[in-house]
Number of protein chains: 2
Amino acid sequence: MTDPNVRPTRAQQRRQTEEGILAAARRMFAELGYDRTTIRAVAKAAGVDAGLVMHYFGTKDELFSRAAKLPPDDLPGGTAEQVAEALLTSLAKRLDSEPVASLAVLRSMLTNADAANRYRAAAEPQLSQITAAIPSDDAELRASLLSAIVHGVIIERYLLRLGRLADASPEQIVDLLRPCFQTLATAPSPASRPSGDG
Amino acid sequence: MTDPNVRPTRAQQRRQTEEGILAAARRMFAELGYDRTTIRAVAKAAGVDAGLVMHYFGTKDELFSRAAKLPPDDLPGGTAEQVAEALLTSLAKRLDSEPVASLAVLRSMLTNADAANRYRAAAEPQLSQITAAIPSDDAELRASLLSAIVHGVIIERYLLRLGRLADASPEQIVDLLRPCFQTLATAPSPASRPSGDG
DNA sequence: CACCTCAGTCAACGGCCGTAGAATGAACGG
DNA sequence: CCGTTCATTCTACGGCCGTTGACTGAGGTG
């Protein structure tokens with residue numbers, strides 16, 4: 001096997017080099033964020049000249065845009081209970097290994113408008129899917145809270161690497177969160193305070 | 001009234017200018033993060049020369065350090081239930097208005113090591129306080145999850161300004177989260193899956 | 001073979017940044 | 001009133017960055 005083409009064709013070579021640049025870019029964007037990642041450093045990590053990166057991608061923004069293309073993560077519909085469980089399953093998978101491109105977006109979203117929009121664009125369909133499944137006036141808010149929990153956990157695990165969250169098993173985390181998710185997705189709204197009026 | 005000293009003393013003037021610089025720095029760090037905030041821009045916003053900022057603070061890092069000094073946010077101890085409720089109260093207050101210095105830290109913590117450390121240092125005492133109150137083997141993980149939820153909500157509300165989370169009332173958010181917090185703080189660990197063995 | 005295409009390099013430019021240091025002039029202290 | 005301190009400004013340096021455009025040489029094509 002090894003390779004029938006000892007010398008790769010020009011198109012192959014190009015695609016391979018481009019892939020190498022994108023991989024290096026993804027790694028650096030995920031580790032350092034948009035601003036602190038320099039085209040020169042990406043080029044060096046990919047073993048090419050900085051001019052080549054410009055030649056292929058035109059712009060640092062375009063490079064980020066290509067490197068940070070997110071895999072769609074749509075959960076199946078169903079009852080609120082099922083959607084909550086699907087969200088937990090999706091979370092478990094992400095806690096097992098989160099795609100580097102997604103980490104690149106998360107790392108940069110607080111300081112780069114494009115990354116923030118990309119995050120919003122990825123979160124929105126999930127949000128409306130969850131919202132649609134929750135039979136409640138405040139379904140939208142509940143969905144937003146579920147999203148905030150998911151992202152809070154992922155940020156602390158991968159980006160801040162906070163103590164227990166960084167090394168706990170996905171199953172343990174998901175099991176602890178399950179009642180939260182089910183409550184948020186299905187329980188009726190509380191009247192007000194628990195120790196307020198009667 | 002107005003002012004007995006028509007001309008402020010030199011020390012007063014200095015403190016006032018320094019305060020102005022710090023306020024401008026806080027605003028910009030909170031809005032743009034560490035990297036995209038420039039000393040020159042802070043100086044201009046404060047109406048002084050960039051050299052003066054250096055003269056007073058020595059270094060951009062030191063300026064950030066001074067601008068991002070967090071007010072301590074220690075919750076009272078007690079039973080797990082009480083601690084969970086205290087955490088909710090603290091969250092409600094932060095959802096009502098989060099100090100700009102805190103937003104500066106949150107905005108920068110994913111791309112600046114100093115901000116990340118500052119965040120960790122602020123979160124740690126709360127974490128151990130919560131951990132101490134939870135009677136469970138996985139108390140540390142539960143505390144981490146509570147922390148992740150709090151910060152996820154605050155990030156989406158103030159930094160990403162996501163739909164419903166950005167404009168919902170603190171009470172509404174806290175009421176929805178209350179069962180989550182109580183469960184995480186007090187419920188026993190689940191055995192494994194809900195639909196697994198008997 | 002001659003020609004064109006194109007992956008890849010190299011050197012440079014203009015800009016912005018953090019920072020340094022000298023200069024100024026008003027407030028202070030004797 | 002004089003000398004000192006010090007708040008404040010101005011100018012400049014060196015560095016890194018994104019980006020450009022000319023160049024090189026091997027690959028494809030007729």
Side-chain angles (χ1 to χ4, degrees), chain A residues 3-25 28-29 31-68 104 108 111-115, chain B residues 3-25 28-29 31-68 104 108 111-115:
Chain A
D3 232 331
N5 306 341
V6 182
R7 193 139 343 135
T9 166
R10 200 131 83 168
Q12 286 174 329
Q13 181 63 28
R14 153 112 194 206
R15 245 180 24 102
Q16 189 173 322
T17 303
E18 231 178 70
E19 244 353 281
I21 294 172
L22 282 175
M28 302 204 63
F29 282 133
E31 199 62 38
L32 304 172
Y34 182 87
D35 285 320
R36 296 170 54 85
T37 296
T38 70
I39 288 193
R40 285 165 150 95
V42 168
K44 178 176 290 186
V48 300
D49 186 88
L52 191 63
V53 178
M54 296 304 296
H55 189 47
Y56 284 170
F57 299 94
T59 268
K60 183 180 178 184
D61 285 282
E62 184 59 21
L63 173 64
F64 179 80
S65 172
R66 295 272 302 275
S108 306
T111 44
N112 180 266
D114 192 53
Chain B
D3 232 330
N5 306 341
V6 181
R7 188 135 354 130
T9 167
R10 199 134 79 170
Q12 286 175 327
Q13 180 63 27
R14 152 111 194 206
R15 245 178 26 99
Q16 188 172 322
T17 304
E18 231 177 73
E19 244 351 282
I21 294 172
L22 281 176
M28 301 203 64
F29 282 132
E31 199 62 38
L32 304 172
Y34 182 87
D35 285 320
R36 296 171 53 84
T37 296
T38 71
I39 289 193
R40 286 166 150 95
V42 168
K44 177 175 291 188
V48 301
D49 185 89
L52 191 63
V53 179
M54 295 303 296
H55 190 48
Y56 285 169
F57 299 94
T59 268
K60 184 181 177 182
D61 286 281
E62 184 60 21
L63 173 64
F64 179 79
S65 173
R66 295 271 302 275
S108 306
T111 44
N112 180 267
D114 192 53

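Every heavy atom of this structure was used, including side-chain atoms; hydrogens, water molecules and symmetry mates were not. Note that the coordinates shown come from a computational prediction; the quantities given were computed from them, not determined experimentally. A, B, ... follow the sequence lines: proteins, then strands. Residue 1 opens every chain.
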Candidate pair B:Leu22 and B:Leu63, rule side-chain contact (heavy atoms from CB on, under 4.5 Å), full reasoning: CA-CA 8 Å; B:Leu22 281 176; B:Leu63 173 64; 4.2 Å; yes
Could you go step by step and tell me if B:Glu18 and B:Arg66 meet the side-chain contact (heavy atoms from CB on, under 4.5 Å) rule? CA-CA 10 Å; B:Glu18 231 177 73; B:Arg66 295 271 302 275; 3.0 Å; yes
Just do the side-chain contact (heavy atoms from CB on, under 4.5 Å) check on A:Thr111 and A:Asp35 with the steps written out, would you? CA-CA 8 Å; A:Thr111 44; A:Asp35 285 320; 4.3 Å; yes
For nucleotides 1-7 of chain D, give me one character per nucleotide, 5' to 3': B if any protein heavy atom sits under 4.0 Å from the base, S if the only such contacts are to the sugar-phosphate, - if neither. ----BBS
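Counting only residues at least two apart or in different chains, ring pair (Phe, Tyr, Trp, His ring centres under 6.0 Å) contacts with residues 45-66 of chain B comprise B:Phe29-B:Phe64, B:Tyr34-B:Phe64.
Atom pair A:Phe57:CZ and C:dA7:P shows a separation of 12 Å (rounding to whole Å applied). For B:Lys44 and D:dT8, the NZ to C1' distance is 17 Å, given to the nearest whole Å. If you measure from atom CG of B:Asp35 to atom P of D:dC16, you get 15 Å, rounded to the nearest angstrom. Taking atom CE of B:Met28 as the reference point, atom P of C:dG18 lies 10 Å away to the nearest angstrom. Distance A:Asp49 CG to D:dC23 C1': 12 Å, rounded to the nearest Å. Between the CD atom of A:Gln12 and the C1' atom of C:dG8 there is a distance of 18 Å, given to the nearest Å. Atom pair A:Met54:CE and C:dA7:P shows a separation of 16 Å (rounding to whole Å applied).
Relative to the side chain of A:Arg40, the nucleotides C:dT9, D:dC17, C:dT19 differ in distance, and D:dC17 lies closest.
Annotation: side chain of A:Ile21 is in contact with side chain of A:Val42 (closest heavy-atom distance under 4.5 Å).
Within the 4.0 Å cut-off from OP1 or OP2 of C:dC28, at least one side-chain nitrogen or oxygen of B:Thr9 is found. Remark: B:Thr59 is not in phosphate contact with C:dG18, judged by side-chain N or O atoms under 4.0 Å from OP1 or OP2.
Positionally, the nearest nucleotide of DNA chain D for A:Arg36 lies more toward the 5' end than for the other of A:Arg36 and A:Gly58.
Annotation: the span from A:Arg15 atom CZ to A:Glu19 atom CD amounts to 7.0 Å, rounded to 0.5 Å.
Under the 3.5 Å distance criterion, the side-chain polar atoms of B:Thr59 are left unmatched by any main-chain donor or acceptor of B:Glu62.
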